[in-house]
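The block underneath contains the structure these notes are about, expressed in structure tokens.
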Amino acid sequence: MEITVSDIALETVKKLLEKDKNKKGIYVYLAGVGCGGGGTASYSLAPVDQEDGENVVTIEGIPFIYDNLMLKHTDKISIDYKPSAYGNEIWLEQFRVKAV
């Protein structure tokens with residue numbers, strides 16, 4: 001799996017992990033496959049308290065963990081972040097995780 005993380009997303013992930021010292025990595029996962037399983041796959045991410053899993057790609061010391069189910073839908077993921085207009089709070093919903 002190839003995972004590409006934009007500069008702003010990587011900086012935001014670092015800040016997210018610094019806020020909660022128990023979180024060690026980022027889990028990238030298949031969030032859904034549309035209506036009846038025949039639609040377009042959607043992806044998301046979440047900070048986790050582990051550094052290993054089925055598959056791991058380490059980017060600048062941060063483990064990005066994903067499971068084999070992801071590989072059935074894509075072999076390339078792009079992660080970006082759009083800062084909130086409402087201050088410096090980090091919102092997971094503002095991360096854009098997509099297959100490329």
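Start at 1 with the first residue, then count along the sequence. Nothing here was measured: the structure is a model prediction, and the numbers come from that model.
Residues Leu16 and Thr12 fail the side-chain proximity criterion, which asks for heavy atoms closer than 4.5 Å. At a threshold of 4.5 Å between non-hydrogen side-chain atoms, the residues His73 and Val33 count as touching. Contact of the Ser78 side chain with the Val5 side chain is not registered, since no non-hydrogen atoms from C-beta on lie closer than 4.5 Å. The shortest side-chain heavy-atom distance between Ile90 and Lys15 falls under the 4.5 Å cut-off. Under the 4.5 Å side-chain criterion, counting only non-hydrogen atoms from C-beta, Val56 is not in contact with Phe64. Looking at heavy atoms from C-beta onward, Tyr81 lies out of side-chain contact with Leu10 at the 4.5 angstrom threshold. Annotation: side chain of Ile79 is not in contact with side chain of Thr4 (no heavy-atom distance under 4.5 Å). Using a 4.5 Å heavy-atom threshold, the side chains of Thr74 and Val100 count as separate.
With hydrogens and angles ignored, the 3.5 Å screen pairs a side-chain donor or acceptor of Ser6 with a backbone N or O of Ala9.
Of all the heavy atoms in Gln94 and Lys82, the pair that sits closest is NE2-O, 2.8 Å. Residues Tyr27 and Val48 share a closest heavy-atom pair of CB-CG1, 3.6 Å. Annotation for Gly25 and Leu17: closest pair O-CD2, 3.9 Å, computed over non-hydrogen atoms. What you find for Val57 and Met1 is that their closest heavy atoms are CG2-O, 3.8 Å. Taking both residues in full, the closest heavy atoms of Ile3 and Ile59 are given as O-CD1, 3.6 Å, listed atom of the first, atom of the second, then distance. For the pair Trp91 and Ser84, the tightest heavy-atom approach, listed with the atom from each and the gap, is CD1-CB, 3.6 Å.
Ionic pairing of Glu51 and Lys23 is not present here: no N-O contact between side-chain nitrogen and carboxylate oxygen is shorter than 4.0 angstrom.
The CG atom of Leu69 sits 5.0 Å away from the CG atom of Leu30 when rounded to the nearest 0.5 Å. Note that the CG atom of Leu71 and the CD atom of Glu54 stand 8.5 Å from one another [nearest 0.5 Å]. Taking OG1 from Thr58 and CG from Asp52, the interatomic distance works out to 10.5 Å, rounded to the nearest 0.5 Å. Separation of atoms CZ (Arg96) and OG (Ser44) is listed at 10.0 Å; rounding is to 0.5 Å.
The environment of Asn68 atom CG is dense: over 12 non-hydrogen atoms of other residues, nucleotides or ligands sit within 6.0 angstrom. The number of heavy atoms from other shown groups lying within 6.0 Å of CG (Asp20) is above 12.
Note: the hydrophobic cluster containing Ile65 does not contain Met70 (ILVMFWY, side chain heavy atoms under 4.5 Å, direct or indirect links). Linking ILVMFWY residues whenever their side-chain heavy atoms come closer than 4.5 Å, directly or via other members, leaves Tyr43 and Tyr29 in distinct clusters.
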Exercise for the section: Show your reasoning for whether side-chain contact (heavy atoms from CB on, under 4.5 Å) applies to Ile62 and Ile26. Expected result: CA-CA 8 Å; Ile62 299 170; Ile26 298 295; 4.2 Å; yes
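Within the structure, salt bridge (Lys or Arg N to Asp or Glu O under 4.0 Å) pairs that include any residue of residues 56-77 comprise Lys14-Glu60 (at least two apart or interchain).
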